[in-house]
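Just so it is clear, the model here is predicted, and its values are computed rather than measured.
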Amino acid sequence: MYSWLGEIIAEEVSESTWQQAKAAALADISRAKAFGITSANVDVMIQARSQLLKSVLPDFRQFYQTNLRADYEAMLAVLWDLWLPLGMKLAAHRQSLNRPLIQGILGVQGTGKTTMCQVLSLILQQLGYRSLSWSLDDLYKTYSDRLILLQQDPRLIWRGPPGTHDVDLGLNVLEQIRQGETSVTVPRFDKSLYAGAGDRTTAEIVTNIDIVLFEGWFVGVRPIDPKAFEITPPPIITDADKAFARDMNQQLSNYLPLWDCLDSLILLYPTDYRSSLEWRKQAEQQMVAAGKSGMSDSQIEEFVNYFWRSLHPELFLKPMLRSPSVADVVIEICPDRTFGAVYQTEC
């Protein structure tokens, strides 16, 4: 943690501390640009961020201690450097639109989408905005509909790939919120039902939503040139693997109306996509250690490989780094789950 951050939290802040905070905000040029911080506005931005830090800190502390059972102080630098300026950026975007903001958050398994949405919700609440954390998972087709789908395509053995969601349902919800409907019924999905197969559960009624944090493992991902499947990374190896990948790519076209509802997209980009396999193993080991059921390592590898065969990160995420019209902000996730570079995509 920055040595001066403790003083920012305190009532009295010396001039040297302000200077250090401003210098740190401008030191990383790419990050400063992503958050709209310049030498001309850095004074105002840092003053506003410091006030926001003080107001959100009690809720942030309680969230980490109660929900995550983790040391919040270890995350203060991330709160200062990443989540607070990101929350301020979303609030400014919402204000400029003069209507609800639909913010997409794209990240593969283990990149911290859920935690980020929870922290951003705390920040946005302090800024006076009511947010909705909503997942692509909440749009899964019902259990009975997926049984029918499985009969039509036996390759869809797990929920998750393109084709297993009710796109029209999601489109209806986002359109209602965008149009400023005061009360909207939002579908929710319970993964524990039917022995883990999951099913839609009681819907949630939300009111006066300002910002939707819409997250998922392929939110905003668009179809790619079919020629990309001529040479593929593992585990897309056999002709059957390639046929599955091509079909999933084609299914993505059905999601484009949903992605068109997004006003902005944040990409949580793992610097090594293979990290998601290790992250999943760690999560399962923690579940087993806590006395819950969990998958074996071989089952996890089969599970993760299934998703890589459907939408491989090397084929679908990497090209997005070169597409400024698709992802607006990229946040790199390192193998140890720390945050890396933050930047806007360039032409």
Side-chain angles (χ1 to χ4, degrees), residues 90 93-94 97 99-109 111 113-114 116-117 120-121 131-142 145-146 149 153 156 158-181 183-189 191 198-201 203-206 209-225 245-269 307 310-313 315-317 319-320 323-330 345:
L90 300 191
H93 195 175
R94 162 65 182 85
L97 289 175
R99 63 159 174 78
L101 166 71
I102 312 297
Q103 176 63 58
I105 299 175
L106 163 62
V108 296
Q109 296 173 6
T111 47
K113 300 183 293 297
T114 302
M116 172 173 279
C117 287
L120 285 176
S121 293
S131 63
L132 167 68
S133 293
W134 199 37
S135 173
L136 182 63
D137 293 355
D138 288 312
L139 290 176
Y140 282 133
K141 293 179 176 177
T142 64
D145 283 347
R146 280 183 288 116
L149 191 63
D153 188 345
L156 297 175
W158 278 305
R159 63 173 191 266
T164 59
H165 305 86
D166 189 334
V167 175
D168 289 338
L169 179 62
L171 196 55
N172 182 264
V173 169
L174 292 184
E175 285 291 352
Q176 287 185 65
I177 294 176
R178 272 175 69 107
Q179 291 170 12
E181 295 285 338
S183 179
V184 177
T185 301
V186 177
R188 292 297 190 185
F189 192 86
K191 295 179 181 177
D199 198 4
R200 203 166 293 158
T201 186
E204 179 184 3
I205 298 175
V206 298
I209 294 300
D210 294 301
I211 298 174
V212 178
L213 303 172
F214 183 40
E215 57 89 0
W217 78 281
F218 69 91
V219 165
V221 172
R222 294 171 180 272
I224 60 176
D225 188 337
R246 287 192 182 94
D247 290 346
M248 294 301 98
N249 184 51
Q250 192 170 3
Q251 281 281 354
L252 275 179
S253 300
N254 298 325
Y255 289 71
L256 294 179
L258 198 56
W259 307 158
D260 288 343
C261 291
L262 304 178
D263 295 301
S264 175
L265 181 66
I266 296 169
L267 169 56
L268 302 177
Y269 184 75
F307 285 87
S310 62
L311 297 176
H312 200 289
L315 296 176
F316 288 90
L317 296 189
M320 294 178 73
S323 301
S325 61
V326 179
D328 302 276
V329 176
V330 178
T345 51

Going from CZ on F214 to CG on L139, what distance comes out if it is rounded to the nearest 0.5 angstrom? 5.0 Å

Nearest atoms (heavy-atom pairs only) where L90 meets L120: CD1-CD1, 4.1 Å

When you compare the side chain of P100 with that of D210, does any pair of heavy atoms fall below 4.5 Å? no

Rounded to the nearest 0.5 Å, what separates atom CG in L169 from atom CG in L258? 10.0 Å

What I want to check is whether the side chains of S264 and D328 have a donor and an acceptor closer together than 3.5 Å. yes

Hey, is the main chain of P187 close enough, under 3.5 Å, to the side chain of W134 for a donor-acceptor pair? yes

Donor-acceptor pair, side chain of T345 and main chain of A327, under 3.5 angstrom: yes

Atom CG of L213 and atom OG of S135: how far apart are they, to the nearest 0.5 Å? 11.5 Å

Donor-acceptor pair, side chain of R146 and main chain of K141, under 3.5 angstrom: yes

Side chains of T185 and E204 in contact at under 4.5 Å (non-hydrogen atoms): no

Find out whether L106 and L317 are in side-chain contact, i.e. whether some heavy atom of one side chain is under 4.5 Å from a heavy atom of the other. yes

Any side-chain heavy atom of L97 within less than 4.5 Å of one from H93? yes

Evaluate the side-chain proximity of D166 to D168: yes if any heavy-atom separation is below 4.5 Å, no if none is. yes

Atom of V219, atom of I105 and distance for their closest heavy-atom approach: CB-O, 4.1 Å

To the nearest 0.5 Å, what is the distance between CG on D137 and NZ on K191? 4.0 Å

Looking at side-chain heavy atoms only, is the closest gap between Q103 and L262 below 4.5 Å? no

Considering residues, nucleotides and ligands other than E175, do more than 12 of their heavy atoms fall under 6.0 Å from its CD? yes

Minimum heavy-atom distance C261-I102, with the two atoms named: O-CB, 3.3 Å

Taking all non-hydrogen atoms of both residues, which atom of W217 and which atom of K113 are closest, and how far apart? N-CE, 4.2 Å

Should R99 and D263 count as an ion pair when the cut-off is N to O under 4.0 Å? yes

With no hydrogens and no angle check, do the side chains of N172 and Q176 hold a donor and an acceptor under 3.5 Å apart? yes

Closest approach of S183 and I205, non-hydrogen atoms and distance? OG-CG2, 3.4 Å

Measure centre to centre between the rings of H165 and F218, then say whether the value is under 6.0 Å. yes

Indicate yes or no: does R200 engage D138 in a salt bridge with an N to O separation below 4.0 Å. no

With Q251, which of D247, N249, N254 fulfils side chain to side chain donor-acceptor pair (under 3.5 Å)? N254

Ring centres under 6.0 angstrom apart (F307, H312): no

What are the two closest non-hydrogen atoms of Y255 and T164, and how far apart are they? OH-N, 3.8 Å

